[in-house]
Amino acid sequence: MINLGLIDVVLLAFLVAITWAIIQLRDLFAAVMLTGIFSLISACLFMVMDAVDVAFTEAAVGAGISTVLMLRTLALTSGRSNPRFNRLELAPLLVVIAIGAALVYGTFDMPRYGDPQAPIHTYMAPRFIEQSGDEVGIPNIVTSVLGSYRSYDTFGETTVVFTAVIGVFLLLSDPRRGRRAGDALRDDIILRIGTKALVPFIMVFALYVQFHGDYGPGGGFQAGVIFAAAIVLYTLVFGLARAEKIFRRRRLELLVAGGVLLYGTVGVVSMALGGNFLDYSVLAHDPVHGQHLGILLIELGVGITVAAVMVSLFFLFVRRRQV
Amino acid sequence: MFAAAMVAILVSMAMLLVRAVKGPTVFDRILSVNSFGTKTVLLIAVLGFLAGRPAFLDLALVYALMNFISTIAVLKFTRFGSLAGERSLAGEHSRPTEPQAAET
Amino acid sequence: MEDLKREGHDFASSDAGDMAGDAMMGNVRPALNLLVVLFGMWLLWSGHYTTQLIGFGLVSCLGVVLLCWRMGIVDREALPLDLTWRTLRYIPWLTLEVVKSNIDLAKRVLSPRLPISPQLVELQATQKTDLGRITFANSITLTPSTVTIEARRDGRFVVHALAHEIAQDLRNGEMDRRVSRLEKVEKPESAS
Amino acid sequence: MAGALDVLSWACLLTGSFFALVSSLAMLRLPDFYSRVHGASITDTMGAGLILLGLVFQAGFSLVTVKLALVLMFLVITGPTASHALAKAAYRLGLEPVIGPEEEESPSQT
């Protein structure tokens, strides 16, 4: 695959160029824009490496939500980086070079990319590839691994998201916040009608991603982010005041917790039915159906939590008073 | 033939990158990023066919989607200084309703 | 015609938008249309026709329609199905225009002299509905070498055109007439 | 038959790629922001349209065709909307367009 090799090189060269530009630019807004491009290119790289699920996540989070949050942060600070940090400092440079050299040295020990003899390909992967079809019965092995074999990990990750957002709630929920109603971009008829037309389709697409994780790339996490993106678009165009009337804070908080709770409940129920924690095989009469049901439910939990977290975060950032 | 399309898209991406770095106005940068996003969508679609996995199209759609939403978000940021659009709508930033350079 | 008499200031029109937002409640037909279209999309996009997935699709589409109803974005503007047949005759013409304009623009960009002369054009659009004006504005933007900068509710448009003769074409108003013809049969609804 | 389709598909892909290149070139060559918007919209229309059409001919008539069509439709809706919003924002914030001379023949500035 000479073509794909070429693409790798070109995309990596782009990444280097962008990084260099980001370092050089003093204009932080321009830097944020370039970060957006950076994430677009990284996702292309993931694609080339056939890691579609990862690329999906990068697309949803890196290109969309994180740009929005960074811009919002920028609104709270000044738009230019401090020239004081422009000088060349010797000590940090040395530290960075040393660590970089160590990391590069470390890669010498790693197996070549795509080497079939690499430990990661001989340890668990063959078992997943050969048996997940019988044991879990889902075409997308990534979903089998994340949702079933490693559902402990995924549960942990969901809990991390949950905990993180609680931290943000505590930090950013300022009860003395000044509420200013903004009519936003609604006065723009073109944008308004475009948004009206797009939002329902984006939401249905998110749910498609949610329920088709068994067959193709996708699943709860990506679906949650896409669903949240639809609400973000609505908020941007129709204003925060109107959006908050529909997506009330209290309900969002309940959903944030509810998703994790759903995930945990599936685990507890499978214990109650005589299996191990999160062992879905006991959920139905035959193990494969049980696995299906279990993965469906936990993905739903992940989706609910992620969507609610993203929307809450966005609202919190937007509501934040300008300092 | 896919390869030719791919190379063309990559080259045009490089040119957009130059525009994004050069600016000079914020709008030029936003425009470049937006156009870059569209090119990414095309690249992913072509890549999907090259790798024989048209399922990539789901991803292409997500890209198109996120590209649009982040462009609108960025616009709100530059127009009102904030995503909620609190600054008075007819405030300091709006220009007189009569365009200055009109046709004669 | 009464529509044009209204003072058109874009920024001040947000009140009208608000009223439209409340008035659309109780409009069942657009919601049903939306449901059908969304479910159709689901079936086209999904490609897996098990009872389970179709069931999920139905539930998802219903849920989304209800949510969008609550959000106040389900109305005729968003999904102008009844315009479709007349629009179908407009689309080929527009496509041809877009192609011609693309080739023209490509020639200009590739010519070493860069023969452009950007202009701002003010237009008075003759459409009577928001939807018509939007169709016109988007058609202008979709055609490379013209971009709608302002599209006010009173039909006053500001357009950026890349060259003098392109601006002249726009002033001749063929596109405007064609878009206006799209909404001809409709009763002239005052903008909400 | 398959051969004809292939040729058609290649022609579309190549022309589309050509327009994608021209679009980026326009982004580099044109003198100010407003004219560059025109350059960007080449990608949204001809570039995306022809490349995706080329892929449709490759895919034959299947679900993939539908997905390609929907991606194109999405691009065609969002592209102009974003361009317009961008141009409008720039205009409202007071970015003045470079206005060219009325006569066509004179060389442009910058």
Side-chain angles (χ1 to χ4, degrees), chain A residues 3-4 6-7 10-11 14 17-18 21 25 27 29-30 32-34 36-37 40-41 43-44 47-48 50 52 55-56 59-60 63-64 67-68 71-72 74-75 180-185 187 191 195 198 202 205 209 216-218 222 226 229 232-233 235-237 239-240 314 317-319 322, chain B residues 2-3 6-7 10-11 13-14 16-18 20-24 26 28-30 32-34 36-37 39-41 43-44 47-48 50-51 53 55-89:
Chain A
N3 292 325
L4 291 185
L6 172 79
I7 243 197
V10 175
L11 290 177
F14 281 177
I18 294 169
L25 283 169
D27 182 354
F29 179 84
V32 172
M33 292 287 92
L34 287 178
I37 297 189
L40 287 175
I41 296 176
C44 285
M47 295 266 317
V48 177
D50 224 8
V52 188
F56 221 122
T67 311
V68 172
L71 283 174
R72 188 56 204 155
L74 207 55
R180 283 153 302 183
D183 234 346
L185 296 165
D187 56 297
L191 217 50
T195 306
L198 288 176
I202 300 176
F205 181 67
V209 172
Q222 293 91 339
I226 297 172
V232 167
L233 177 63
T235 312
L236 286 171
V237 175
L240 182 65
F314 178 71
F317 268 78
V318 172
R319 213 187 285 129
Q322 211 128 3
Chain B
F2 290 137
M6 225 173 57
V7 170
L10 284 174
V11 171
M13 275 177 158
L16 286 175
L17 211 55
V18 173
V21 172
K22 269 170 70 176
V26 284
D28 287 298
R29 295 188 210 275
I30 305 173
S32 310
V33 175
N34 189 16
F36 200 97
K39 295 264 160 69
T40 316
V41 172
L43 184 69
I44 289 174
L47 262 178
L50 196 67
R53 293 187 51 182
F56 284 18
L57 285 175
D58 287 5
L59 200 69
L61 194 75
V62 176
Y63 266 95
L65 186 87
M66 287 299 168
N67 193 29
F68 177 65
I69 294 179
S70 49
T71 304
I72 301 299
V74 172
L75 269 183
K76 277 207 85 163
F77 173 73
T78 47
R79 249 172 106 180
F80 303 117
S82 146
L83 286 167
E86 297 96 346
R87 206 170 284 173
S88 99
L89 286 172

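Just so you know, these numbers use all the heavy atoms, side chains as well, and skip hydrogens, waters and symmetry mates. Numbers restart at 1 for each chain; the letters A, B, ... are given by sequence-line order, proteins then strands.
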Taking all non-hydrogen atoms of both residues, which atom of F205(A) and which atom of D58(B) are closest, and how far apart? CZ-O, 3.7 Å
Taken in chain and number order and not counting sequence neighbours, the residues that satisfy side chain to side chain donor-acceptor pair (under 3.5 Å) with N67(B) are N34(B)
Under a 4.5 Å cut-off applied to non-hydrogen side-chain atoms, are L10(B) and L11(A) in contact? yes
Looking only at heavy atoms, the pair that brings L25(A) and V21(B) closest together is CD2-O, 4.4 Å
Partner residues of F36(B) under the ring pair (Phe, Tyr, Trp, His ring centres under 6.0 Å) criterion, sequence neighbours left out: none
If you define the side chain from C-beta out and look only at heavy atoms, does anything of I202(A) sit under 4.5 Å from F68(B)? no
Might you point out which heavy atoms bring A20(B) and L34(A) nearest each other, and give the distance in Å? CB-CD2, 4.1 Å
To the nearest 0.5 Å, what is the distance between CD1 on I30(B) and CZ on F29(A)? 4.0 Å
Which one, L43(B), V7(B), T71(B), L61(B), leads in non-hydrogen pairs under 4.5 Å with chain A? L61(B)
What distance separates L191(A) CG from I72(B) CD1, expressed to the nearest 0.5 Å? 4.5 Å
Between A21(A) and chain B, which part of the residue has a heavy atom less than 4.5 Å away: side chain, backbone, both or neither? side chain
Between OG on residue S70(B) and CG on residue L40(A), distance to nearest 0.5 Å: 7.5 Å
Going from CE on M13(B) to SG on C44(A), what distance comes out if it is rounded to the nearest 0.5 angstrom? 5.0 Å
Heavy-atom check, side chain of M33(A) versus side chain of V26(B), under 4.5 Å: no
Do L47(B) and I7(A) make a side-chain contact, defined as non-hydrogen atoms from C-beta onward lying under 4.5 Å apart? yes
